[in-house]
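Within every chain, numbering begins at 1; the chains are lettered A, B, ... in the order of the sequence lines, protein sequences first and strands thereafter. Owing to the predicted nature of the structure, the values given are computational and were not obtained by experimental measurement.
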Amino acid sequence: MKEELIKFTLDAIERAKKAGEIPSVINIEPLIEHPNDKTHGDWATNAAMVLASQTKMSPRKIADSIVKHIDDKHHFLSKVEVAGPGFINFYLSDKWFREVLKEIKRKGKEFGHFNIGHGETVQIEFVSANPVGPMHIGHGRWAAVGDALANLMTAAGYIVTREFYVNDYGNQMKIFGQSVAARYAELLDRDVIFPENGYQGEYIKEIAQEILKEERDKYLLLSEDERGECFKEIAYRQVLAHIKKVLLDMGIEFDGWFSETTLHDSGAIEDVVSELRERGYIYNKDGAVWLRTTAFEDDKDRVLIRESGEPTYFAADIAYHKNKLNRGFDKLINIWGADHHGYVQRVEAAIQALGYPKEKLEIIIGQLVNLWRGGEPVRMSKRTGEMVTLEELLQEVGPDAARYFFLMRSTDTPLDFDIELAKCQSSDNPVYYVQYAHARICSILKFAEEKGFSLPNIEDVNLDLLCEESELDLLRKLMELEEVIEICASRMTPYRLTKYAEEIASSFHVFYTKCRVITESVELNKARLVLVDCVRQVLCNVLNLLGISAPEKM
RNA sequence: GCGCCUGUAGCUCAAUUGGAUAGAGCGUUGGACUACGGAUCCAAAGGUUGCAGGUUCGACUCCUGUCAGGCGCACCA
């Protein structure tokens, strides 16, 4: 529709130029959008104002001239007017609104899907929690956002791969193993010094207990170092399995789990360092190997290989990105917490040093999550290991509410997550509001069925009977889905879809209070049954994209 | 000190990337059901968009400065 209107406008401008009403040298790309206020029409364009600033003519006069030359052969429009400083407002005919129902029926689950991705391949890397402990609330946000974004981009015609980068290498893993080993020895009443910077959480003790139960005291025979190594492996596998399970509880499945260790073992890091050296971005200083990231707007150069000969985390990360690029993805998306934003520039620099354009990689920085319980902040401390884990949160509020709350806000703003609100089964809670609309429709359809009105075939229905204000508002809203998905996918902002979900639900509830579906009139019943069934389909599609269930009963 | 993000209604957030009278939910106040799920709907009150300049037909949006909050500034991961 938007394209049609742009064409209308451009054609009209051409004709106005031929008629000598507008200077012919000017070319513009008019912007067509929905006005904020629906009394300003269904669509509006600023074309006349843009032309005005270029020609120094009055915008109203240009607008009048354009409107005069608009040729609406197929009667899409019920009215075109010039308003305000020179906007041209288009009013669609009701008939056109009703067409959307046929499209929903035709496309079903695919309604709202379209193709701007043209089969481009995209890899989204998200969550990537360190496998040394349970996931926290922030990981939940990235999980929900990453998965919804993947759904949205798939709907927009991209081929999407979800990946989890497993940081299973390095010092933290070593300390992790030592922490478990120390707790294990403690359980056997051995005198041990708990490692400095060791992991404090209760879960370390639980893992140690688990090992003790399975294997008794046989690890006491090993030296402390060997024990650490050994426990690192066992504990890491347990934690990773647990991470997978919790994500699955949230309904999230990754296509790939990429191990950092494989980069160290395969020589990928050395390879990428020598490639960078050949490209001239490497130098040696103070016994270490440095990457000249300042060549690409980083504030300082970064170490790749330490004085000790050990590669840094950054070096491994470059090798990881190189690996992703080698796999041939057209676009890479990383979702990181705000606590990693200082890391963005150097990774972008590395991508460019490898000869790729910066645009190849998109890094979404998400602000952190604050947990509230009934208006009181929930204090958490990583140091003492005192925190609410993602698993606990899911158990308390359920995956639907959790995912909805995580998605509700722009990732640019910190998220206040109120546990009490998320649990609350009332209209205060948007997730219930939306799901309720879906359940209500299912209930109506069932009621109709019982009364002998089964869902009719849309060809047998007189859609012109849908002419109440609330019905037309609902149709108008249904029509917006494709645009919303486009915006969400292209700007990578899934939160907008939650707003749309609430708008659809709201339009439906208004319709429900104004119009009865099952009335005396058989013909009207048919039309309204088709309408509500289409609303059900759209709600279902939206909830699927968000990764939230669409219940038939609540 | 430097960098990134954020300051919008009492609270939590929007505003289609520069458009028309800045909108929703919660909260407050007042209303609406003999029928399809009241987990609903309607209405009112509530604003100098942190502050000060600038850019232009037009600014919450862009620029400069300033104040406040969050997060970063490793040969940690």
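Comparing C75(B), A77(B), A35(B) by their closest approach to the side chain of E260(A) singles out A77(B). Out of G37(B), U16(B), A77(B), the shortest distance to the side chain of H340(A) is found at A77(B). Listed nucleotides: U17(B), U40(B), U12(B). Nearest to the side chain of E33(A): U17(B). For T312(A), taking side-chain heavy atoms from C-beta onward, the closest of the listed nucleotides C75(B), C36(B), G19(B) is C75(B). Listed candidates were C36(B), A77(B), A20(B). Nearest to the side chain of P35(A) is A20(B). Among C71(B), G37(B), C75(B), the nucleotide with an atom closest to any side-chain atom of M554(A) is G37(B). The listed nucleotides are U16(B), C73(B), G37(B); the one nearest the side chain of K300(A) is C73(B). Nearest to the side-chain atoms of R440(A) among the listed nucleotides C71(B), U40(B), A20(B) stands U40(B). The listed nucleotides are A39(B), G37(B), U6(B); the one nearest the side chain of Y432(A) is A39(B). Relative to the side chain of T513(A), the nucleotides U12(B), A20(B), C41(B) differ in distance, and C41(B) lies closest.
Using a 4.0 Å heavy-atom criterion, one finds that M173(A) contacts no nucleic acid atom at all. At a threshold of 4.0 angstrom between heavy atoms, the contacts of N89(A) include nucleobase atoms, whether or not backbone atoms are also involved. At the heavy-atom level, A448(A) lies nowhere under 4.0 Å from the strands shown. Across all strands shown, S410(A) has heavy atoms under 4.0 Å from sugar-phosphate atoms exclusively, and none from any base. Among the protein residues, T413(A) comes within range of the sugar-phosphate backbone only, with heavy atoms under 4.0 Å from sugar or phosphate atoms but none that close to a base. Residue contacts for D286(A): at a heavy-atom cut-off of 4.0 Å it reaches a base atom on one of the strands shown. When heavy atoms are screened at a 4.0 angstrom cut-off, H40(A) is found touching base atoms of the nucleic acid. The residue A288(A) sits close to a base: some heavy atom pair falls under 4.0 Å. Nucleic acid contact for E307(A): base, since at least one base atom lies under 4.0 Å from a heavy atom of the residue. Residue Y495(A) is classed as a sugar-phosphate contact, given heavy-atom separations below 4.0 Å to backbone atoms only. Note on A83(A): a base of the nucleic acid sits closer than 4.0 angstrom, heavy atoms only. Using a 4.0 Å heavy-atom cutoff across all strands shown, C515(A) reaches at least one base atom of the nucleic acid. Y169(A) comes within contact range of the sugar-phosphate backbone alone, with a heavy-atom separation under 4.0 Å but no base atom that close. Among the heavy atoms of the strands, none lies under 4.0 Å from E480(A).
Using Watson-Crick or G-U wobble geometry with both donor-acceptor distances under 3.5 Å, G1(B) finds its partner in C73(B). Shown here, C62(B) forms a base pair with G54(B); the pair counts as Watson-Crick or G-U wobble because both key distances fall under 3.5 Å. Nucleotide C36(B) is matched to nothing when pairs are restricted to Watson-Crick or G-U wobble geometry with both distances under 3.5 angstrom. The base-pairing partner of A9(B), taking Watson-Crick or G-U wobble contacts with both distances under 3.5 Å, does not exist among the strands shown.
Between G38(B) and Y512(A), a contact under 4.0 Å exists linking OP1 or OP2 to a side-chain N or O. Distances shorter than 4.0 Å separate some side-chain N or O of R496(A) from OP1 or OP2 on A15(B).
Taking only distance into account, the side chain of D168(A) never meets the base of A77(B) through a donor-acceptor pair shorter than 3.5 Å. A donor-acceptor contact under 3.5 Å is formed by the side chain of R491(A) with the base of U17(B). Between the base of G3(B) and the side chain of H341(A) there is a donor-acceptor pair shorter than 3.5 Å.
Taking atom C1' in both U66(B) and G47(B), the straight-line distance is 23 Å, to the nearest Å. Across the P atoms, U6(B) and A24(B) are found 24 Å apart, a figure rounded to whole Å. Using P as the reference atom, A52(B) and A9(B) are 16 Å apart when rounded to the nearest Å. Between C5(B) and C62(B), the two P atoms lie 10 Å apart (nearest whole Å). Between U49(B) and A15(B), the distance separating the two C1' atoms is 11 Å to the nearest Å. The gap from the C1' atom of U61(B) to that of G50(B) amounts to 16 Å, rounded to the nearest Å. Straight-line distance between the C1' atoms of C33(B) and G46(B): roughly 29 Å, to the nearest whole Å. One C1' atom belongs to U8(B), the other to A68(B), and the distance between them is 15 Å to the nearest Å.
Between the CG atom of D416(A) and the P atom of C11(B) there is a distance of 13 Å, given to the nearest Å.
Classified by its glycosidic torsion, U17(B) falls in the syn category, the angle being within 90° of 0.
Salt bridge annotation for E125(A)-K324(A): present, with a cationic side-chain nitrogen under 4.0 angstrom from a carboxylate oxygen. Between E552(A) and K446(A), no side-chain nitrogen of the basic residue sits less than 4.0 Å from a carboxylate oxygen of the acidic one, so the salt-bridge criterion is not met.
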- Query: Are Y313(A) and E260(A) close enough, and set up right, to give a side-chain hydrogen bond (donor to acceptor under 3.5 Å, both in side chains), and what steps lead you there?
  - Reply: CA-CA 9 Å; Y313(A) 176 80; E260(A) 182 187 350; 5.7 Å; no
- Message: Run the side-chain hydrogen bond (donor to acceptor under 3.5 Å, both in side chains) test on S507(A) and D473(A) for me, step by step, so that the C-alpha distance in whole Å, both residues' side-chain angles and the decisive distance to 0.1 Å come before the verdict.
- Response: CA-CA 7 Å; S507(A) 291; D473(A) 282 346; over 6 Å; no
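The only option from E480(A), H40(A), E483(A) that meets the side chain to side chain donor-acceptor pair (under 3.5 Å) definition with H34(A) turns out to be E483(A).
Within the 6.0 Å centre-distance limit, the rings of F296(A) and Y281(A) are counted as a close aromatic pair. In this structure, the ring of W257(A) has its center less than 6.0 angstrom from the ring center of F164(A).
Of the inter-residue distances, the one linking R536(A) atom CZ with D533(A) atom CG reads 4.5 Å to the nearest 0.5 angstrom. Of the inter-residue distances, the one linking R141(A) atom CZ with F406(A) atom CZ reads 9.0 Å to the nearest 0.5 angstrom.
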